[in-house]
Amino acid sequence: MFLSVIVLFNCNSNKKEEKQTSVKPNIVVIYLDDLGYGDLSAYGATEIQTPNIDALATGGVKFTDGYASSATCTPSRYALLTGMYPWRNKDAKILPGTAPLLISTEQQTLPKLLKKEGYQTAIVGKWHLGLGTGVVNWNERVSPGPNEVGFDEAYILAATQDRVPTVYIENGNVVGLDINDPIEVDYKNNFEGEPTAISNPEMLNMNWHHGHNNSIVNGIPRIGYMKGGEKAKWTDTEMADHFLVKAQDYVKKHKEEPFFLYYAMQQPHVPRTPHPRFVGKSGLGPRGDVILEADWCIGEFMKTLVEEGILENTLVVFSSDNGPVLNDGYYDDAVEKLGNHKPAGPLRGGKYSIFEAGTRVPFITYWKGKIEPGTSDAIVCQMDLMASIANLIGTEESSTDSQELMDVFLGKSDKGRNNLVLEATSRTALRSGDWLMIPAYKGVNFREKVGIEVGSFPEFQLYNLKNDIGQQNNLAKSNPDKLAEMIQEFEALRGKDYSLNVKDVKFR
Ligand code: NG6
Ligand code: CA
């Protein structure tokens with residue numbers, strides 16, 4: 001542990017203030033993929049038990065109003081790592097596996113900030129922020145990537161588990177690549193003679209519902225075409241164990257120094273491929289099984305912190321990149337076996353949705369001996385970790401959208417954000433205090449394929465979340481003054497060009 005006392009001189013008053021920043025704790029962000037607000041027993045789930053994550057919640061701060069920045073993966077991860085609202089970057093959309101690196105190598109990032117303060121930094125797990133500068137040769141070192149935006153070590157899957165290339169990449173190099181079997185990836189055209197889900201359905205052991213009908217890897221049809229790299233391909237059912245071991249090894253190797261580990265788990269995103277140990281264990285089908293698997297992994301990971309004697313010097317943040325979806329393109333019983341489980345809890349919508357379930361997610365901070373355990377209804381966003389962590393370790397980060405809320409994360413204050421702009425597939429909305437305003441948007445509200453209401457209506461929506469968490473009563477017409485106030489606040493943050501359609505719509 002590093003103990004430091006920073007003496008600040010306040011130039012205006014010439015008074016000397018003393019600010020004690022006690023430590024440079026290890027920082028671990030455990031980030032799940034598509035885990036919903038209602039998917040954990042700590043957040044009210046009754047059909048599934050997640051004891052290890054619940055232990056973080058009961059020993060730490062459980063946020064009821066904690067948000068991802070977006071209702072999809074890439075933009076949320078972008079905001080988490082850069083502290084910037086994703087809608088400031090027009091390319092922050094769900095990326096194909098061949099997309100170039102989304103974060104500029106000039107940009108400030110959370111790992112860069114920590115590196116500068118003496119931290120070792122690593123990512124283990126899902127990246128999905130693009131790699132390279134355009135055309136990637138997967139048979140050479142792929143760069144720029146995580147190493148070029150602040151991570152000393154990176155052991156990743158490039159995009160998503162359902163997208164090619166289906167290989168692990170370690171510090172830019174495909175793991176286990178055989179140079180005699182080079183990898184080629186294309187998101188438009190198949191490679192001659194290579195089987196696809198359309199040409200060779202007999203090779204499938206998981207069926208596609210929508211999308212996901214290109215190359216077949218391990219019997220699972222994917223998004224995108226891939227050729228070669230046979231020996232390097234991952235085994236889906238072992239992915240959770242594989243990343244867990246990498247995360248544990250990293251901790252063991254770096255326990256003597258302050259480290260930042262971004263442990264980006266792949267569950268419960270599709271394809272849901274629990275290890276055989278977890279198959280059938282939840283009774284909810286593979287989606288429930290992989291949630292149990294993730295919970296187990298987190299338990300094992302936490303044990304490692306204990307065994308290495310660093311639990312009390314490690315701040316753990318747990319959250320999810322966006323809300324839940326059942327059918328995200330495969331037939332895997334997520335809908336059929338759902339029973340009474342409510343992945344979104346009391347919230348409306350889901351992944352892709354500008355309704356609350358898109359972005360309001362489980363959010364827990366845990367630091368044994370340092371955090372006052374409890375539940376907080378402060379509004380916090382993952383984007384705020386950057387400025388807050390900067391403050392904790394005695395530095396500053398004020399150039400981004402990130403807000404300094406470390407006392408809130410430590411359970412010492414309940415004064416969170418006043419407001420937050422939320423994003424879902426290019427649409428934005430404003431949370432301010434208890435209120436939520438969604439501008440008028442064209443397009444279909446109910447997306448049949450995924451079975452989710454995405455929140456698009458041709459009129460403004462206004463909800464008081466305090467007494468209407470399920471967003472059932474649109475108060476836009478009955479409370480025009482509040483609506484006008486919210487629009488003004490929203491436009492001050494977001495600018496006036498948030499919707500091409502919005503100006504045509506009468507809201508009074
Ligand atoms: C969608 C995929 C979905 C999922 C999502 C990204 C189709 C039809 N759907 O385009 O399966 O991969 O992208 O999810 O291809 S996220 O959590 O990484 O944002
Ligand atoms: Ca996701």
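Remember, it's 1-based here, ligands and their atoms both numbered in the order they're listed. Numbers here simply count residues along the sequence, with the first being 1. The analysis underlying the following values was restricted to heavy atoms, covering all of them including side chains, and did not include hydrogens, waters or symmetry mates.
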J.: When the ring centroid of Tyr168 is compared with that of Trp234, is the distance short of 6.0 Å?
T.: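 Yes, the ring of Tyr168 comes within the 6.0 Å limit of the ring of Trp234, centre to centre.
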
J.: Just list the N/O pairs, ligand 1 to protein, that are under 3.5 Å apart, with the distance for each.
T.:
unit_1	atom_1	unit_2	atom_2	d
ligand 1	10 (O)	Arg163	NH2	3.3
ligand 1	11 (O)	Asp162	OD2	3.1
ligand 1	11 (O)	His212	NE2	3.0
ligand 1	11 (O)	Asp328	O	2.8
ligand 1	12 (O)	Asp162	OD1	3.4
ligand 1	12 (O)	Asp162	OD2	2.7
ligand 1	12 (O)	Arg163	NH1	2.8
ligand 1	13 (O)	Arg163	NH2	3.0
ligand 1	14 (O)	His269	NE2	3.0
ligand 1	14 (O)	Lys351	NZ	2.7
ligand 1	17 (O)	Asp33	OD1	3.4
ligand 1	17 (O)	Asp34	OD1	3.1
ligand 1	17 (O)	His269	NE2	3.4
ligand 1	17 (O)	Lys351	NZ	2.9
ligand 1	18 (O)	Lys126	NZ	3.0
ligand 1	18 (O)	His128	ND1	3.3
ligand 1	19 (O)	Cys73	N	2.9

J.: Please determine which of Phe63, Tyr67, Tyr43, Phe355 meets the ring pair (Phe, Tyr, Trp, His ring centres under 6.0 Å) test together with Tyr37.
T.: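 Considering Phe63, Tyr67, Tyr43, Phe355, a ring pair (Phe, Tyr, Trp, His ring centres under 6.0 Å) with Tyr37 is found only for Tyr43.
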
J.: Does the cation-pi check pass for Arg277 over Trp296, that is, NZ or CZ under 6.0 Å from the six-membered ring centre and within 45° of its axis?
T.: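 Yes, Arg277 and Trp296 form such a contact.
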
J.: Could you tell me how the ring of Tyr155 sits relative to the ring of His242: parallel (under 30°), tilted (30 to 60°) or perpendicular (over 60°)?
T.: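 Tilted.
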
J.: Enter the distance from Cys297:SG to Met239:CE here, rounded to the nearest 0.5 Å.
T.: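 Atom-to-atom, Cys297:SG and Met239:CE are 12.0 Å apart.
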
J.: Count the heavy atoms of every other residue, nucleotide or ligand shown that sit under 6.0 Å from NZ of Lys337, and state whether that count exceeds 12.
T.: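 No, NZ of Lys337 has 12 or fewer neighbouring heavy atoms, counting only those of other groups under 6.0 Å.
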
J.: Quick check, are the ring centers of Tyr263 and Phe301 under 6.0 angstrom apart?
T.: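 Close enough - the centres of the two rings lie under 6.0 Å apart.
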
J.: No waters, cut-off 3.0 Å: how many protein N, O or S atoms are close to the Ca ion (ligand 2)?
T.: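 Step by step: take the Ca ion (ligand 2), keep protein N, O, S below 3.0 Å, and you get 5.
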
J.: Tell me which pairs pass salt bridge (charged side-chain N to carboxylate O under 4.0 Å, His left out) where either residue lies in residues 278-302, with sequence neighbours left out.
T.: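 Residue pairs with at least one partner in residues 278-302: Asp39-Arg287, Glu300-Lys303.
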
J.: Output all residues satisfying ring-ring contact (aromatic ring centres under 6.0 Å, His included) with Tyr119, sequence neighbours left out; order by chain, then residue number.
T.: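 Tyr119: no ring-ring contact (aromatic ring centres under 6.0 Å, His included) contacts found.
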
